[in-house]
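Below: one structure, written as structure tokens.
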Amino acid sequence: MARRGVLETPHGTIQTPVFMPVGTRGTVKAMTPRGMEELGAQIILGNTYHLFLKPGLAIMEKAGGLHQFSNWHKPILTDCGGFQVFSLAKLRKIEKDGVWFSSHIDGSRFFLGPKESIHIQKVLGSDIVMAFDECTPYPCSYKDAAKSLEQTLEWEKVSREQPMLPGHLMFGIVQGSMYRDLRERSAQELVKIGFEGYAIGGLSVGEPEDMMFECLDWTVPHLPEDKPHYLMGVGTAKQLIEGVARGIDMFDCVLPTRMARHGSAYVGKGETIPVKAGRYAEDFTPVDPQCDCYCCRNFTKAYIRHLMNVGEITGLQLLTIHNLHYYLNLMQRVRDSLENGTFEALRAEFN
RNA sequence: GGCGGGGUUCCCGAGUGGCUAAAGGGGGCAGACUGUAAAUCUGCUAGCGUUGCUUUCGGUGGUUCGAACCCACCCCCCGCCA
């Protein structure tokens, strides 16, 4: 099932399997575009909900889109706001044609549905536009999951009908919570609509890891083989590799960047080192002696721990570089292993 | 030398007779984090044989059934005046 692929977008070619760092509000937190290029990032995410609130559509339009605005000229994938239906559940009300949100910033009300979401993503100039969905919580009753899925399917149909920039891609999102028949139906209906790629959403929302893998086993076989498969919001090193093993080509996750800002570094098979902890105050060795990132080649745990300890942003930046390098390097190893035929050996290392 | 203000748990600081091992910050420690309301959040932070006991609010002595809190003296710090 694991595959090595290539995805063409208006802003360049992406080698898959790929990890896509998350840049919700128009930047990967603590990073510059130059830093992202140095790390070898191929594509980053942006978010419809957040960019719509600030700076807002008028400014994004004047800026000439997100690439121009942020000076990132490689591909951008934008999430549609469907995750915020889940993460900001207390601040929204779902209706037939979309969702009323109360802004988490100032409480002001605004509406986001498939038409609005796709239009915003078009203004942003996103290379890969995500169809509007609802990410269901876990656990979710069968009844709720089925109802939500029907609504999501309708929204995705409407999404697909919206005007797009020429050559830009739109991905549909499979939902259906943890129910096999719903997942299968979701995948089949999306394929009928027809998208340039297919995402699997509604996972990594608190369910057991095995359940997530099982959902992939049910879902991926129903997706067209010649189109990219994107597992949204996932995950840990092991989950990425297990995703690839099940036919996933694309991943995004806030873990590397968030963990960095919270003071932890990824090493080895995905273990974390709490660099901000006092036990590293006098540890004058790199986060990972094997790592060849800018952070590990030049700085010690003691120094980074000091920066974290006194609240200097450089500490967050260095750990962000390291963690993103960890993720991007892991995917490079995955790609190499797929070319060499050693993927299963690599997979075994992480289990 | 005179007058006034003050000394509280690792730090700052609240408390002015029992509900006080003592608010609130900070710091420290531990944990969480998966399409980012997150440089965030949660818990613990005197000791122990932990349903309780012991030690603690500058020092000593006293009043009281009971004192960080009231009284006396002493030590130190900060202002102002001479």
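Chain letters run A, B, ... following the sequence lines, proteins first and then strands; every chain starts at 1.
Taking only distance into account, the side chain of A:Thr257 meets the base of B:U36 through a donor-acceptor pair shorter than 3.5 Å.
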Only distances under 3.5 Å count here; give the side-chain donor-acceptor pairs of residues 166-178 of chain A to other protein atoms, sequence neighbours excluded, each with its distance to 0.1 Å.
from, atom 1, to, atom 2, distance (Å)
A:His168, ND1, A:Ser126, O, 2.6
A:Gln175, NE2, A:Asp133, OD2, 2.8

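Taking the six-membered ring for Trp and thresholds of 30 and 60 degrees, A:Tyr179 and A:Tyr142 have ring planes more than 60 degrees apart, a perpendicular arrangement. A:Phe195 and A:Tyr198 have perpendicular rings, their planes meeting at more than 60° on a 0 to 90° scale where under 30° would count as parallel. Aromatic ring pairs are classed by plane angle as parallel below 30°, tilted from 30° to 60° and perpendicular above 60°; the pair A:His104 and A:Tyr49 is parallel. Using cut-offs of 30° and 60° for the angle between ring planes, the A:Tyr266 and A:Tyr327 rings count as perpendicular.
A distance of about 28 Å separates the C1' atoms of B:G27 and B:U36, rounded to the whole Å. Spacing of P atoms, B:C69 relative to B:G6, comes out at 15 Å, to the nearest Å. Using atom C1' as the reference point in both B:U16 and B:G26, the two lie 25 Å apart (nearest Å). For B:C12 and B:G7, the C1' atoms lie 14 Å apart once the distance is rounded to whole Å.
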Contact pattern, 5' to 3', of nucleotides 28-35 of chain B - B, S or - by protein heavy atom under 4.0 Å
SSSSBBBB
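Atom CG in A:Leu316 sits about 4 Å away from atom C1' in B:A39, given to the nearest Å.
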Between A:Glu242 and A:Arg246, is the salt bridge (charged side-chain N to carboxylate O under 4.0 Å, His left out) condition met? List the steps.
CA-CA 6 Å; A:Glu242 288 305 306; A:Arg246 288 166 171 78; 2.7 Å; yes
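Taking a pair to require two hydrogen-bonding distances under 3.5 Å in either a Watson-Crick or a G-U wobble arrangement, B:U42 pairs with B:A30.
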